[in-house]
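Some notes on the structure that comes next.
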Amino acid sequence: MKIADLMTRDVLTCNISDTLNRPAQLMWEGDVGWIPVLDAAARVIGVVTDRDLAMAAYLQGRPLNAIPVQTVMTRQIVTCKPGEDLSAALRQMRIQQVRRLPVVDGAGKLVGVVALNDIVRRGAAEPGKAAAREHEVATAMAGICEPRSAAKTAPPNTGSPKATKPVSHEA
């Protein structure tokens, strides 16, 4: 199965110039916990999670509308292409310990997102094909849920001396 067959195409996004108030609003209205951050050319340059918002507000002691997205977004993102096979995306999710991948075109512009939720829901809707993916999804989930080592994860750039523990960037 190709990524294009199951990705979500209508993705809520924010801009690098936004404050955290904007992704918080989008997360609330869209019932999501993750928002891609785009540059002026609509290329994905980062992601911000609901946990990033909460930790930034807590550690900085400032309201969300006073904290720029660019100071807390995750810049090291993993993407996939619409024509890639689902197995490759699941492998990247497992290795990178993420639950969602932005789907980009050849220019890096966002065209969708593929999430574990999409994969599981699609499998439930197609019971005959679900068994074939079950092991692959379970393996990806095991890797995603593996504890991260301190060496693999850097704390967010919050400007706070309290930010000393590794912080997960996936909700």
Going by heavy atoms in the side chains, are [X] and [Y] under 4.5 Å from each other?
X      : Y      : answer
Leu110 : Thr13  : yes
Val69  : Arg22  : no
Ile119 : Leu6   : yes
Ile67  : Gln60  : yes
Ile77  : Val44  : yes
Leu90  : Leu116 : yes
Arg99  : Asn117 : no
Arg75  : Val37  : no

Task: side-chain contact (heavy atoms from CB on, under 4.5 Å) partner of Val114, the single match among Arg100, Glu84, Met93 - done: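 Among Arg100, Glu84, Met93, the one that satisfies the side-chain contact (heavy atoms from CB on, under 4.5 Å) with Val114 is Met93.
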Rounded distance [0.5 Å steps], [atom1] in [X] versus [atom2] in [Y]:
X     : Y     : atom1 : atom2 : result
Ser87 : Lys2  : OG    : NZ    : 9.5 Å
Thr79 : Gln96 : OG1   : CD    : 10.5 Å
Ile16 : Arg43 : CD1   : CZ    : 11.5 Å
Leu20 : Gln25 : CG    : CD    : 13.0 Å

Exercise: identify the closest heavy-atom pair between [X] and [Y]:
X      : Y      : answer
Lys81  : Val103 : C-CG1, 3.8 Å
Cys14  : Ile35  : N-CG2, 3.5 Å
Trp34  : Leu101 : CH2-C, 4.5 Å
Val104 : Pro82  : O-CD, 3.4 Å
Ile3   : Leu86  : CD1-CA, 4.0 Å
Leu64  : Leu53  : CD2-O, 3.8 Å

Task: Side chain Arg62, main chain Ala56, donor-acceptor under 3.5 Å - done: no
Open item on the list: Please check this pair: side chain of Asn15 against backbone of Asp18, looking for a donor-acceptor N/O pair closer than 3.5 Å.
Closed with: no
